[in-house]
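The structure appears right after this line, and notes come after that.
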Amino acid sequence: MSELKNDRFLRALLKQPVDYTPVWMMRQAGRYLPEYRATRAKAGDFMALCKNPELACEVTLQPLDRFPLDAAILFSDILTIPDAMGLGLSFGVGEGPKFAHPVRSAADVAKLGVPDPEGELKYVMDAVRVIRRELNGRVPLIGFAGSPWTLATYMVEGGSSKEFAVIKAMMFDQPALLHKLLDVVARSVTSYLNAQVAAGAQALMIFDTWGGNLTPRDYKEFSLRYMQSIVAGLTREAEDRKVPVILFTKGGGQWLEAMAETGADALGLDWTTDLGDARRRVGDKVALQGNMDPSVLYASPERIRREVSEILASYGKGSGHVFNLGHGIHQHVEPDRAKAFVEAVHELSRPYHN
């Protein structure tokens, strides 16, 4: 594998010194870029794009050709695992994901097995290999997966949900059944992420999109516990380098101390948590990633710079911060605003690292 030309992202996650704060954006390969929309049209649909390693590589690299980002993230979807479990994933035009066979009963859970990452999910590993080759050491590649709780919400609800009524009914009425489901999903995520590292991923991120919808008690029992078991089972070194792990619970700012105890290297923050407060709360335990409100990118470049400046000041001096949005970039953002954001982070962060 080629030598990394820019490893600031990996060093910041391990709280090692850097000369400026590294930055990438969740959903940086996405619909706000006209070139992404063109490639997706060529692929036919979203899952066809995910399942074509060459096209997945093309869209992974598109934002790096536009902006001086410090990391690439594998282009894929969190629902690849339940899809590989045979639940019949589809994406309607203008709609969210749908599963033809939701998991509702003990019999449904009993049918689930851990998918083979080099079998049903080989297209993801092939994409990792192609992207690593084409990156040629420009920046590190992030691999990722959804958290067991988040994946289970889609699997049980049969798609997106606002109220999580079906899975919460299972959680309250049949907790043992839900634990069985979360266990097989957690084992699947561990195997999937380790295979991504073997294929060339240099950092890992676990997206717990819906953990913030739980009470503190239920978050610890049904979400955090399974992320902790995944972190414990991950390959943490490859190519003579540490493979840092980032945990991100959207809406999880109240649980940072508990998240910091999982053994993860870094925690992602959404914009509802103050970065300086978060740093004081977790101390030196973990690095932090985030956390600008993505809607700031609708504002003028001057306003974007001001927001970047305030977030950098909130974190303060020293390493251990990866700049990011608090969630994914919105599809209607102008690409030049994303460029202003990335350039502002690089320029304005240097005084914090001397």
Side-chain angles (χ1 to χ4, degrees), residues 6-28 30 32-33 63-64 66-73 139-140 142 203 205 244 246 248 250-253 256 260 265-354:
N6 171 1
D7 67 351
R8 289 175 184 87
F9 166 73
L10 297 179
R11 282 192 281 142
L13 289 177
L14 299 170
K15 299 192 296 301
Q16 295 166 358
V18 287
D19 51 348
Y20 62 73
T21 302
V23 58
W24 67 280
M25 294 178 287
M26 288 186 257
R27 295 202 191 123
Q28 63 190 24
Y32 73 105
L33 293 176
L64 300 177
R66 266 194 191 251
F67 319 121
L69 295 156
D70 296 293
I73 183 164
V139 292
I142 306 164
M205 182 154 168
I246 309 160
F248 173 64
K250 186 167 184 262
L256 294 180
D265 299 286
L267 305 180
L269 301 174
D270 67 19
W271 62 92
T272 62
T273 299
D274 179 85
L275 189 61
D277 286 348
R279 188 182 188 184
R280 283 184 286 279
R281 285 166 58 193
V282 299
D284 281 334
K285 272 213 171 76
V286 286
L288 295 171
Q289 178 177 277
N291 65 336
M292 192 174 91
D293 183 337
S295 297
V296 174
L297 295 179
Y298 292 119
S300 65
E302 296 72 32
R303 183 66 185 85
I304 292 167
R305 280 177 68 85
R306 199 158 82 239
E307 193 72 11
V308 166
S309 171
E310 285 183 18
I311 292 170
L312 288 167
S314 174
Y315 184 82
K317 278 196 172 286
S319 193
H321 179 212
V322 170
F323 215 116
N324 206 312
L325 304 174
H327 201 238
I329 184 169
H330 299 169
Q331 72 178 93
H332 301 299
V333 164
E334 295 291 335
D336 65 335
R337 304 299 161 90
K339 185 169 192 272
F341 162 65
V342 173
E343 289 175 349
V345 173
H346 285 171
E347 181 195 333
L348 301 174
S349 64
R350 288 180 187 272
Y352 293 96
H353 296 282
N354 52 24

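Just so you know, these numbers use all the heavy atoms, side chains as well, and skip hydrogens, waters and symmetry mates.
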| request: May I ask you to test the Met25-Leu69 pair for a side-chain heavy-atom distance under 4.5 Å? | output: yes

| task | Give me the one residue out of Val23, Asp270, Leu297 that meets side chain to side chain contact (heavy atoms under 4.5 Å, CB included) with Met292. | result | Leu297

| request: Sequence neighbours left out, what passes ring pair (Phe, Tyr, Trp, His ring centres under 6.0 Å) with Tyr32? Give chain and number order. | output: none

| said: Let me confirm one number: the CD-OG distance from Gln16 to Ser319, rounded to the nearest 0.5 Å. | reply: 8.0 Å

| Heavy-atom pair of closest approach, residues Gly253 and Thr273 | CA-OG1, 3.3 Å

| said: Let me confirm one number: the CG-CG distance from Leu10 to Asp265, rounded to the nearest 0.5 Å. | reply: 10.5 Å

| Is there side-chain contact between Pro294 and Val333, with at least one heavy-atom pair below 4.5 Å? | no

| Closest heavy-atom contact between Phe67 and Ala338? | CZ-CB, 3.8 Å

| Minimum-distance pair of heavy atoms, taken over all atoms of Leu64 and Val139 | CD1-CG2, 3.9 Å

| task | Please collect all salt bridge (charged side-chain N to carboxylate O under 4.0 Å, His left out) contacts where either partner lies in residues 272-281, sequence neighbours excluded, each pair once. | result | Glu257-Arg281, Asp277-Arg280

| query | How far does CE of Met205 sit from CD of Gln289, to the nearest 0.5 angstrom? | reply | 5.0 Å

| task | Sequence neighbours left out, what passes side chain to side chain donor-acceptor pair (under 3.5 Å) with Ser309? Give chain and number order. | result | none

| said: According to salt bridge (charged side-chain N to carboxylate O under 4.0 Å, His left out), does anything in residues 326-343 pair up with another residue at least two apart or in another chain? List the pairs. | reply: Lys339-Glu343

| query | Mind checking whether Arg66 and Pro335 have side chains closer than 4.5 Å, heavy atoms only? | reply | yes

| query | Of all residues at least two apart in sequence or in a different chain, which pass the side chain to side chain contact (heavy atoms under 4.5 Å, CB included) check with Ala260? | reply | Leu267, Val282, Lys285, Val286

| Between Ala266 and Leu13, which heavy-atom pair has the shortest distance, and what is it? | CB-CD2, 3.6 Å

| said: Just so I know, are the side chains of Ile329 and Met26 near enough to count as touching, which here means a heavy-atom distance under 4.5 Å? | reply: no

| message | Is there a side chain to side chain contact (heavy atoms under 4.5 Å, CB included) between Trp24 and Phe323? Walk through the geometry before answering. | response | CA-CA 7 Å; Trp24 67 280; Phe323 215 116; over 6 Å; no

| field | Separation between CG of Leu312 and CZ of Arg350, rounded to the nearest 0.5 Å | value | 12.0 Å

| request: Sort and list the pairs that fulfil salt bridge (charged side-chain N to carboxylate O under 4.0 Å, His left out) and have at least one residue in residues 297-306, not counting sequence neighbours. | output: Arg303-Glu307, Arg305-Glu347

| Do any N or O atoms from the side chain of Ser349 and from the backbone of Tyr20 form a donor-acceptor pair under 3.5 angstrom? | no

| query | For the side chain to side chain donor-acceptor pair (under 3.5 Å) test, which of Asp19, Thr21, Asp70 pairs with Arg8? | reply | Asp19

| Counterpart residues, ring pair (Phe, Tyr, Trp, His ring centres under 6.0 Å), relative to Tyr352 (two or more places apart) | none

| field | Pairs satisfying ring-ring contact (aromatic ring centres under 6.0 Å, His included), at least one member in residues 268-297, at least two apart | value | none

| remark: In short, Pro351 meets Lys317 closest at the heavy-atom pair O-NZ, 2.7 Å

| field | Which atom of Ala340 lies closest to which atom of Pro301, heavy atoms considered | value | CB-CB, 4.1 Å

| remark: By ring pair (Phe, Tyr, Trp, His ring centres under 6.0 Å), His353 pairs with (sequence neighbours left out) none

| Residue list, side chain to side chain contact (heavy atoms under 4.5 Å, CB included) with Gln331, at least two apart or on another chain | Arg31

| said: Restricting to side chain to side chain contact (heavy atoms under 4.5 Å, CB included), what partner residues turn up for Ser295, sequence neighbours left out? | reply: Asp293, Tyr298, His330

| request: Please list, chain by chain and in numerical order, all residues satisfying side chain to side chain contact (heavy atoms under 4.5 Å, CB included) with Asn291, sequence neighbours excluded. | output: Leu269, Leu275, Ile311

